[in-house]
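Before any comments, here is the structure.
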Amino acid sequence: MGAGTSPADRAASATGPAGEQAADAAEVAAEGEAGAPAADAADAPAEEEPDGRTGSHAEPGPDASPAARRSRRFPSFTRDTARPEGGGRAAGGDAPAPARQWPLLAVLCTAGAGLLIVAADPFDEAFRIGTILIGVALIGGAVLRLLVPSVGMLAVRSRFTDLVTYGLLGALIVMLALMAQPKPWLDIPILEDAVHFTIR
């Protein structure tokens with residue numbers, strides 16, 4: 001026995017490294033028994049079922065339909081633009097494609113005729129007549145938007161917004177066409193002064 005050794009040192013040397021390893025292994029085994037199920041459940045990959053679902057998801061019942069599984073909550077991100085009120089087809093699905101959009105075609109054809117008259121200038125006051133026709137086309141679009149339940153692609157925004165937009169633009173174009181110089185058909189001093197002030 002060497003000098004300076006205590007009884008505790010002699011006990012440790014008697015057991016040696018093998019005894020310490022056995023004690024450590026016993027502690028690890030005790031801890032493993034307590035936490036093994038939780039660790040295995042957390043670390044083990046989810047088992048794949050034959051139809052592609054993982055084992056953590058419950059299989060839907062036989063009477064579950066896609067409509068029943070769909071959430072009624074408004075989505076955070078929308079992928080499409082909502083159709084405006086009254087934006088459905090103006091004619092049935094069995095009608096040809098142009099007939100389904102007859103309100104839009106009526107407004108476009110009327111405005112196109114007015115533009116053609118203005119461009120061709122075939123008679124006196126053609127500019128005034130053509131411009132009035134363009135304004136009447138827009139006013140007609142506002143009337144169609146108000147009276148017809150489904151106007152197809154003529155519906156751009158809500159019914160109220162379309163009415164205000166089409167109606168105001170159409171009325172403004174008609175009034176400016178009636179007040180056009182020379183020899184205006186309509187004389188409104190207040191508007192004439194406003195136009196002169198704006199131009200100056």
Side-chain angles (χ1 to χ4, degrees), residues 52 60 63-200:
D63 57 346
S65 61
R69 292 194 303 264
R70 185 179 302 163
S71 174
R72 298 186 63 174
R73 194 175 71 179
F74 193 78
S76 300
F77 299 99
T78 56
R79 292 185 172 86
D80 200 357
T81 303
R83 178 182 292 179
E85 177 190 2
R89 291 180 299 205
D94 54 346
R100 297 177 205 158
Q101 301 294 336
W102 67 265
L104 178 66
L105 288 178
V107 172
L108 288 179
C109 289
T110 307
L115 287 172
L116 188 62
I117 291 173
V118 171
D121 197 14
F123 51 86
D124 291 342
E125 302 290 341
F127 171 78
R128 196 186 309 272
I129 298 293
T131 309
I132 289 174
L133 203 54
I134 295 171
V136 167
L138 289 173
I139 294 174
V143 172
L144 287 173
R145 191 72 175 94
L146 176 64
L147 300 179
V148 180
S150 297
V151 292
M153 294 176 66
L154 188 64
V156 180
R157 307 162 199 85
S158 66
R159 193 182 300 273
F160 174 77
T161 307
D162 285 344
L163 281 172
V164 172
T165 305
Y166 294 150
L168 282 180
L169 284 177
L172 184 62
I173 290 173
V174 169
M175 289 185 65
L176 289 176
L178 292 175
M179 294 173 57
Q181 299 290 339
K183 299 178 182 178
W185 291 3
L186 180 65
D187 190 11
I188 302 177
I190 297 175
L191 292 179
E192 187 174 348
D193 293 340
V195 170
H196 285 304
F197 179 76
T198 305
I199 291 175
R200 284 187 299 180

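Atoms considered below: every heavy atom in the structure, side chains included; atoms not considered: hydrogens, waters and symmetry mates.
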For residues 139-150, tabulate all N or O donor-acceptor pairs below 3.5 Å that involve a side-chain atom, not counting sequence neighbours.
residue, atom, partner, partner atom, Å
Arg145, NE, Asp162, OD2, 2.8
Arg145, NH1, Glu85, O, 3.1
Arg145, NH2, Glu85, O, 2.7
Arg145, NH2, Arg157, O, 3.1
Arg145, NH2, Asp162, OD2, 3.4

What distance do [X] atom [atom1] and [Y] atom [atom2] have between them, rounded to the nearest 0.5 Å?
| X | Y | atom1 | atom2 | value |
| --- | --- | --- | --- | --- |
| Thr131 | Ile173 | OG1 | CD1 | 8.5 Å |
| Leu154 | Leu108 | CG | CG | 8.5 Å |
| Ile132 | Leu176 | CD1 | CG | 11.0 Å |

Sequence neighbours excluded, every pair satisfying side chain to side chain donor-acceptor pair (under 3.5 Å) that has a member inside residues 90-119
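Of all non-adjacent pairs touching residues 90-119, none passes side chain to side chain donor-acceptor pair (under 3.5 Å).
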
I need the minimum non-hydrogen distance between Pro84 and Ala155, along with the two atoms involved.
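Answer, listing the atom of Pro84 first, then Ala155: CG-O, 3.3 Å.
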
Go through the structure and list residues passing side-chain hydrogen bond (donor to acceptor under 3.5 Å, both in side chains) with Thr165, not counting sequence neighbours.
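With sequence neighbours excluded, Thr165 shows a side-chain hydrogen bond (donor to acceptor under 3.5 Å, both in side chains) to no residue whatsoever.
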
Give every donor-acceptor pair under 3.5 Å between a side-chain atom in residues 116-130 and any protein atom, sequence neighbours left out.
residue, atom, partner, partner atom, Å
Glu125, OE1, Arg128, NE, 2.7
Glu125, OE1, Arg128, NH2, 3.2
Arg128, NH1, Ala177, O, 2.9
Arg128, NH1, Leu178, O, 3.4
Arg128, NH1, Ala180, O, 3.1
Arg128, NH2, Ala180, O, 3.3
Arg128, NH2, Pro182, O, 3.1
Arg128, NH2, Lys183, O, 3.1

